[in-house]
Trainee: 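To start, I am sharing the structure in question, which I have written as structure tokens.
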Amino acid sequence: MVFAAPNDALARAEGVLRTDPPPLHASVAHQVIGIWQRDWGDMRLALDHLRRARALAARADSAERESDVLGTLGVALVHAGRTRQGLAAFERGIERGTGHTRARVLYRRAYSWWVLGHHREALDDVRRAITVLRQAGDVIWTARALTLRATVHLALGAVDRADADFTAAEALWDTTGQEHDKADAVESRGLAAFRSGDVPAALRLLDEAEERYAKLGTPTFMLDIRRCEVLMAAGLAPEALAEADAAITVLDGLGGQSTRKAELLLAAARAARLAGDPVTATARAALAVRLFAGQRRTWWEAHAQLVLIEARVATGRSSGRLVADAVRVAERLSSFGAPAAPEGWLLAGRIALDLNWAEDAERYLAVAARSRRGGPPLARMTGWAAQALWARATGSGRGVLEACRRGLDVLDDHRTTLGASELRARATAQGAELAALAQQVSLERGGPRQLLMWSERWRATVLSAPPTRPPADPTLLSGLTAYREIAARAEGARMDGRPVPTLEREQRRLEREIRSRTLHIRGESPGDGDRFDVGRLLERLGGGRLVEIAVLDGRVQVLLCGDGRVRRFAGGAVAEAEREAEHVQAGLRRLAHPGAEARLPVVEASGRRLEELLLGEAAARLGSGPVVVVPPARLHQVPWALLPSLRDRVLSVSPSASSWLRARETEPTPGGRRVLVRGPGLATGGAEVPEVAGRYGRPTVLEHEDARASRVLEELDGAALAHIAAHGTFRADSPMFSSLRMADGPLIVHDFERLARSPYRIILSSCDTARLASVGADELLGLVAALLPLGTAGVVASSAPVNDEAVVALMLALHKGVSAGLSLAEALRDARAALPGDAPHQATGWAFTAFGAA
């Protein structure tokens with residue numbers, strides 16, 4: 001019962017002890033309490049109850065009872081870090097028991113071997129146990145043993161064998177009432193899905209397991225560890241670190257299992273390293289190494305040492321001692337048959353390369369490269385990274401590019417299994433090194449065209465296909481509706497000066513549910529198989545220019561495309577450009593308010609410095625036609641119209657040359673509607689909307705109660721032109737919850753992703769609607785990034801707070817050009833020129849950008 005209804009079992013056992021039971025019954029009750037405390041409570045209490053259970057079994061003169069208790073005690077001692085005592089308890093239990101009881105003790109020892117990382121011993125014991133348990137017709141313990149054997153197979157990388165055992169175990173669990181074991185089976189299936197490379201299924205199953213555990217009221221430390229693994233693979237390392245640290249705090253508060261604490265520390269160390277925090281990674285990994293060593297868990301200790309060395313290298317350390325340490329860890333991982341062994345050899349090869357130990361590096365990288373031929377996607381990525389570095393060390397530029405191409409192809413295949421645009425964007429971080437290697441080789445040995453092709457190979461790849469949408473998911477739809485209602489109530493309370501903590505907590509809970517639901521979506525689209533074609537780009541540019549900005553080794557490389565060729569120019573340091581862009585953004589915020597005219601020359605001077613850093617000599621070779629700027633994700637906050645050479649041009653911005661081509665070749669919906677939306681609470685009341693409406697005959701105007709989210713989405717779907725005047729909010733902490741305020745609450749990015757086809761052209765007249773978050777390798781998340789893959793060919797939006805009165809003037813001038821047949825970029829250029837010359841109007845013109853090609 002302790003694994004069917006744990007808390008009920010605990011209460012029943014305590015009740016038995018209150019009746020002054022005979023030794024045999026008291027032994028059972030103490031064992032139940034010991035199991036509960038061992039798995040979900042205080043380890044010291046667990047050991048006390050289990051020792052009393054054993055003494056009572058001896059008093060009852062029951063060898064079988066004593067054997068069973070010894071098996072439970074052995075597991076507890078191992079989890080407490082007392083490995084030698086635990087193994088001795090198992091030996092005694094196997095001696096005392098016979099037949100069926102001995103098989104249960106063997107199962108428990110097999111489980112402990114797995115905890116200790118002794119996988120071959122675990123398989124030997126669990127196979128012996130399964131034979132006897134099946135013969136005895138013991139459904140529950142057979143299912144447990146099959147689940148354990150599957151888990152051991154996963155640790156050894158044998159995914160197919162694990163799947164077979166999980167399937168057999170699940171069929172047995174369906175015939176029982178063991179709710180905790182059933183939850184554990186769901187959790188294990190999540191781990192299997194992850195090992196096979198299916199991240200959305202893994203997240204869905206782990207969330208389902210968590211719901212089952214919550215109903216039983218039991219902590220979920222093993223689940224926390226597994227979820228951290230999946231979150232890291234999905235590019236969500238900061239979340240994994242927060243989850244691991246929170247679980248450690250809870251475990252410490254309970255006085256729980258020392259073994260689980262060590263595993264959580266290892267998960268936290270990995271997450272910190274991936275999140276770019278090597279100091280935290282070093283501290284967590286060093287403590288994990290000490291705990292694993294004290295617990296005699298050599299398999300786990302080797303994994304922790306691997307992360308510790310990686311963290312030390314990330315702090316800039318490099319020495320022969322580190323090479324030797326990495327080789328030693330790689331050899332130990334290889335001897336264990338651990339799937340992480342290639343990572344160890346790759347690490348050794350990297351450090352050797354840094355020390356110019358060419359022969360050693362080639363040897364280690366060659367071993368790591370073997371993993372490129374099979375296994376889950378991230379393991380193959382490790383192999384191709386090793387192959388690329390090995391080719392670089394041997395001077396084979398062609399070999400580097402081939403390895404990078406093959407590795408990025410693996411990543412592309414992996415990304416297409418992810419339905420959520422956030423996961424797809426963050427997953428690209430796994431390919432950053434390969435793409436950077438290819439760019440570096442192209443810069444050194446290839447021409448500008450080759451560098452352009454490799455810059456495009458990994459830039460804004462998530463925008464190549466729309467996210468997979470679940471239109472029939474009622475849970476997601478109801479969650480979005482509830483979120484909108486709560487967010488609106490919280491905003492109203494804040495405006496009235498009423499306390500909002502309860503509403504904010506509920507809002508955060510709904511955000512977590514919505515996000516979790518979207519991360520479960522499995523990808524259906526294979527993406528855009530149409531490879532980038534430089535010739536096609538140059539043809540479509542005509543007399544215009546496209547400026548693609550690449551960043552290599554911290555320096556800007558400007559690729560100027562036009563007149564049938566691609567030329568390369570050197571720019572400045574990207575870090576300086578980022579700092580200057582931040583100064584410009586601060587200046588624009590000041591200029592949005594009256595009385596800041598003195599800041600105007602300062603902002604203009606920053607624009608000149610940005611031009612020197614970002615365009616260099618290319619600024620003088622832009623010709624007289626339209627210009628498309630393709631910046632890296634980290635520079636999308638630059639107000640490009642502020643740069644002197646771009647200020648009076650037909651200027652548009654695109655996340656990649658490929659996405660500009662797609663936008664250029666996108667056709668509007670025939671007879672598409674024109675939709676104008678006016679949200680609540682605007683300082684000007686959306687004053688431009690009535691006058692704009694007069695330019696388009698009989699457009700659909702949504703305002704007041706008509707400007708509700710569901711109605712707005714319905715009208716936007718497939719529209720030819722949409723103008724939305726509504727308060728915009730950018731969420732840097734969670735960009736998919738960036739929003740526009742409608743009559744019934746916020747319209748968020750997740751809402752827009754449900755559109756079958758977003759408007760062909762869309763104009764967002766409020767603040768911050770063009771702000772985007774840079775994630776993954778070179779990807780963007782935010783409102784504009786969500787619209788581009790869904791059929792929108794052109795967007796006008798602002799990257800900064802703007803003056804409300806100046807916005808009205810700009811929007812009226814903009815629509816004058818659009819209604820006359822100009823593109824958004826053409827109309828925006830003319831609208832800027834038509835504005836008064838005062839600071840608020842000029843700053844407002846610079847803050848707005850035309851994205852795309854319509």
Trainee: Should the pair K215-E211 be classified as a salt bridge under the 4.0 Å nitrogen-to-oxygen rule?
Mentor: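 Judged by the 4.0 Å cut-off on N to carboxylate O distance, K215 and E211 do not form a salt bridge.
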Trainee: Quick one: CD on E187 to CD1 on I225, what's the gap to the nearest 0.5 Å?
Mentor: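 These two atoms lie 9.0 Å from each other.
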Trainee: Any carboxylate oxygen within less than 4.0 angstrom of a Lys/Arg side-chain nitrogen, looking at R484 and D751?
Mentor: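 Counted as a salt bridge, because a side-chain N and a carboxylate O are separated by less than 4.0 Å.
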Trainee: For the residue pair E343 and T382, confirm or rule out a side-chain donor-acceptor distance under 3.5 Å.
Mentor: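 Their side chains do not contain a donor-acceptor pair, so the 3.5 Å distance test is not met.
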Trainee: Taking T769 for the side chain and G728 for the main chain, is one N or O donor matched with an acceptor at less than 3.5 Å?
Mentor: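 No.
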Trainee: Test your reading of the model: is there a side-chain donor-acceptor pair from S656 to the backbone of S659, 3.5 Å cut-off?
Mentor: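 Such a contact is found between S656 side chain and S659 backbone.
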Trainee: R708: which residues meet the side-chain hydrogen bond (donor to acceptor under 3.5 Å, both in side chains) condition with it, sequence neighbours left out?
Mentor: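 Expected list: E705.
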Trainee: What distance separates R350 CZ from E310 CD, expressed to the nearest 0.5 Å?
Mentor: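 Separation between the atoms: 8.5 Å.
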Trainee: Of all residues at least two apart in sequence or in a different chain, which pass the ring-ring contact (aromatic ring centres under 6.0 Å, His included) check with W173?
Mentor: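 With sequence neighbours excluded, W173 shows a ring-ring contact (aromatic ring centres under 6.0 Å, His included) to no residue whatsoever.
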Trainee: Any side-chain heavy atom of W345 sitting closer than 4.5 Å to one from R370?
Mentor: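 W345 vs R370: side chains apart.
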Trainee: Given L740 and T729, is the side-chain contact (heavy atoms from CB on, under 4.5 Å) satisfied, shown in steps?
Mentor: CA-CA 6 Å; L740 299 171; T729 301; over 6 Å; no
Trainee: Quick check: does any side chain N or O of S654 sit under 3.5 Å from a backbone N or O of V630, one acting as donor and the other as acceptor?
Mentor: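 Not confirmed, S654 side chain does not pair with V630 backbone.
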Trainee: Going by an N to O cut-off under 4.0 Å, is there a salt bridge joining R457 and D409?
Mentor: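 Yes.
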Trainee: Identify, with sequence neighbours excluded, every residue that meets side-chain hydrogen bond (donor to acceptor under 3.5 Å, both in side chains) alongside R771.
Mentor: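 Partners of R771 under the side-chain hydrogen bond (donor to acceptor under 3.5 Å, both in side chains) test: none.
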Trainee: Mind checking side chain to side chain contact (heavy atoms under 4.5 Å, CB included) for R227 and listing every partner two or more places apart, or none if nothing turns up?
Mentor: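 Testing R227 for side chain to side chain contact (heavy atoms under 4.5 Å, CB included), a comparison that skips the adjacent residues, returns L206, D207, E210, L223, L231, E243.
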Trainee: Once you round to the nearest 0.5 Å, how far does CG of L519 lie from CD1 of I514?
Mentor: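 If I round to the nearest 0.5 Å, the distance is 12.0 Å.
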Trainee: Tell me whether K182 contacts the main-chain N or O of T176 through its side chain, where contact means a donor paired with an acceptor under 3.5 Å.
Mentor: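 Judged by distance alone, yes, a pair lies under 3.5 Å.
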Trainee: Is any side-chain heavy atom of W454 closer than 4.5 Å to one of C404?
Mentor: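 The answer is yes; the side chains approach within 4.5 Å.
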Trainee: Say whether S478 and T481, considering side chains only, have a donor N or O and an acceptor N or O under 3.5 Å apart.
Mentor: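 Per modelled atom types, S478 and T481 side chains form no pair under 3.5 Å.
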Trainee: Name all residues meeting the side chain to side chain contact (heavy atoms under 4.5 Å, CB included) criterion together with R512; count only those two or more places apart in sequence or in a different chain, and write none if there are none.
Mentor: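 By the side chain to side chain contact (heavy atoms under 4.5 Å, CB included) rule, R512 matches R508, R509.
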Trainee: State, with a plain yes or no, whether a side-chain heavy atom of L510 is found less than 4.5 Å away from one of E506.
Mentor: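 Touching, per the 4.5 Å side-chain cut-off.
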Trainee: List in chain and number order the residues that pass ring-ring contact (aromatic ring centres under 6.0 Å, His included) with F737, two or more places apart in sequence or in another chain; answer none if no residue qualifies.
Mentor: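 Result, ring-ring contact (aromatic ring centres under 6.0 Å, His included) vs F737: Y483, H750.
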Trainee: Applying side chain to side chain donor-acceptor pair (under 3.5 Å), run through S188 and T147 and close with a yes or a no.
Mentor: CA-CA 8 Å; S188 298; T147 301; 5.7 Å; no
Trainee: Please list all pairs passing the side chain to side chain donor-acceptor pair (under 3.5 Å) test where one or both residues lie in residues 193-205, with sequence neighbours left out.
Mentor: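 Passing the test, one end in residues 193-205: R195-E229, D198-R522.
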Trainee: Go through the steps for L264 and L251 under the test side-chain contact (heavy atoms from CB on, under 4.5 Å), then give the verdict.
Mentor: CA-CA 10 Å; L264 283 164; L251 187 66; 4.2 Å; yes
Trainee: Take R212 and E208 through the test salt bridge (Lys or Arg N to Asp or Glu O under 4.0 Å) and record every step on the way to the result.
Mentor: CA-CA 6 Å; R212 289 172 177 253; E208 181 186 337; 3.3 Å; yes
Trainee: Quick one: CG on D184 to OG1 on T151, what's the gap to the nearest 0.5 Å?
Mentor: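 If I round to the nearest 0.5 Å, the distance is 7.0 Å.
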Trainee: Do T280 side-chain atoms and D277 backbone N/O form a donor-acceptor pair below 3.5 Å?
Mentor: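 Here the side-chain-to-backbone pair does not exist.
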Trainee: Where the side chain of E433 meets the backbone of A385, is there a donor-acceptor pair that is under 3.5 Å apart?
Mentor: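 No, because the side chain of E433 does not come within donor-acceptor range (under 3.5 Å) of the backbone of A385.
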Trainee: Please determine whether side chain to side chain donor-acceptor pair (under 3.5 Å) holds for the pair S734 and E511, giving the CA-CA distance in whole Å, both sets of side-chain angles, and the decisive distance to 0.1 Å.
Mentor: CA-CA 9 Å; S734 191; E511 284 184 11; 5.0 Å; no
Trainee: Do any N or O atoms from the side chain of T792 and from the backbone of P759 form a donor-acceptor pair under 3.5 angstrom?
Mentor: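 Judged by distance alone, yes, a pair lies under 3.5 Å.
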Trainee: Any chance you could measure I248, atom CD1, to R260, atom CZ, to the nearest 0.5 Å?
Mentor: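 Between I248 CD1 and R260 CZ, I get 13.5 Å after rounding to 0.5 Å.
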Trainee: What residues form a ring-ring contact (aromatic ring centres under 6.0 Å, His included) with Y111, not counting sequence neighbours?
Mentor: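 If we apply the ring-ring contact (aromatic ring centres under 6.0 Å, His included) test to Y111, skipping adjacent residues, the hits are H79, W114.
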Trainee: Between F3 and H180, what is the ring plane arrangement, given parallel below 30°, perpendicular above 60°, and tilted in between?
Mentor: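 The arrangement is tilted - the two ring planes meet at 30° to 60°.
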Trainee: So, R284 and D245, do they make that salt bridge, N to O below 4.0 Å?
Mentor: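 Yes, charged N to carboxylate O under 4.0 Å.
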Trainee: Take R144 and D181 through the test salt bridge (Lys or Arg N to Asp or Glu O under 4.0 Å) and record every step on the way to the result.
Mentor: CA-CA 8 Å; R144 286 175 181 161; D181 283 312; 3.0 Å; yes
Trainee: When you measure from the side chain of W300 to the backbone N and O of V115, does any donor-acceptor pair fall under 3.5 Å?
Mentor: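 Flag set: sc W300 to bb V115 pair under 3.5 Å.
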Trainee: Is the closest side-chain heavy-atom distance between L418 and P200 below 4.5 Å?
Mentor: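 A side-chain contact under 4.5 Å exists here.
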Trainee: Which is it for V199 and V230 under the side-chain contact (heavy atoms from CB on, under 4.5 Å) test, yes or no, and what are the steps along the way?
Mentor: CA-CA 7 Å; V199 170; V230 180; 4.0 Å; yes
Trainee: Report, as yes or no, whether the 6.0 Å neighbourhood of atom CE on M232 holds more than 12 heavy atoms from other residues, nucleotides or ligands.
Mentor: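 Count over threshold, so yes.
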Trainee: How would you list, by chain and number, every residue that makes a ring-ring contact (aromatic ring centres under 6.0 Å, His included) with H636, sequence neighbours excluded?
Mentor: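 Listed in chain order: nothing, the list is empty.
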Trainee: Rounded to the nearest 0.5 Å, how far apart are CZ of R189 and CG of D163?
Mentor: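 So the CZ of R189 and the CG of D163 are separated by 10.5 Å.
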Trainee: For E665, check salt bridge (Lys or Arg N to Asp or Glu O under 4.0 Å) against everything at least two apart and list the hits.
Mentor: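 Expected list: R536, R540.
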Trainee: Can you sort out the partners of E239 under salt bridge (Lys or Arg N to Asp or Glu O under 4.0 Å), two or more places apart, ordered by chain and number?
Mentor: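 Counting only residues at least two positions away or on another chain, E239 forms a salt bridge (Lys or Arg N to Asp or Glu O under 4.0 Å) with R515.
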Trainee: Do any side-chain atoms of residues 372-380 form donor-acceptor pairs under 3.5 angstrom with protein atoms, and if so which ones, sequence neighbours left out?
Mentor:
residue: R372; atom: NH1; partner: A369; partner atom: O; Å: 2.7
residue: R380; atom: NE; partner: G375; partner atom: O; Å: 3.0

Trainee: With side chains defined as the heavy atoms from C-beta onward, is the minimum distance between M736 and I748 less than 4.5 Å?
Mentor: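 Side-chain contact under 4.5 Å: no.
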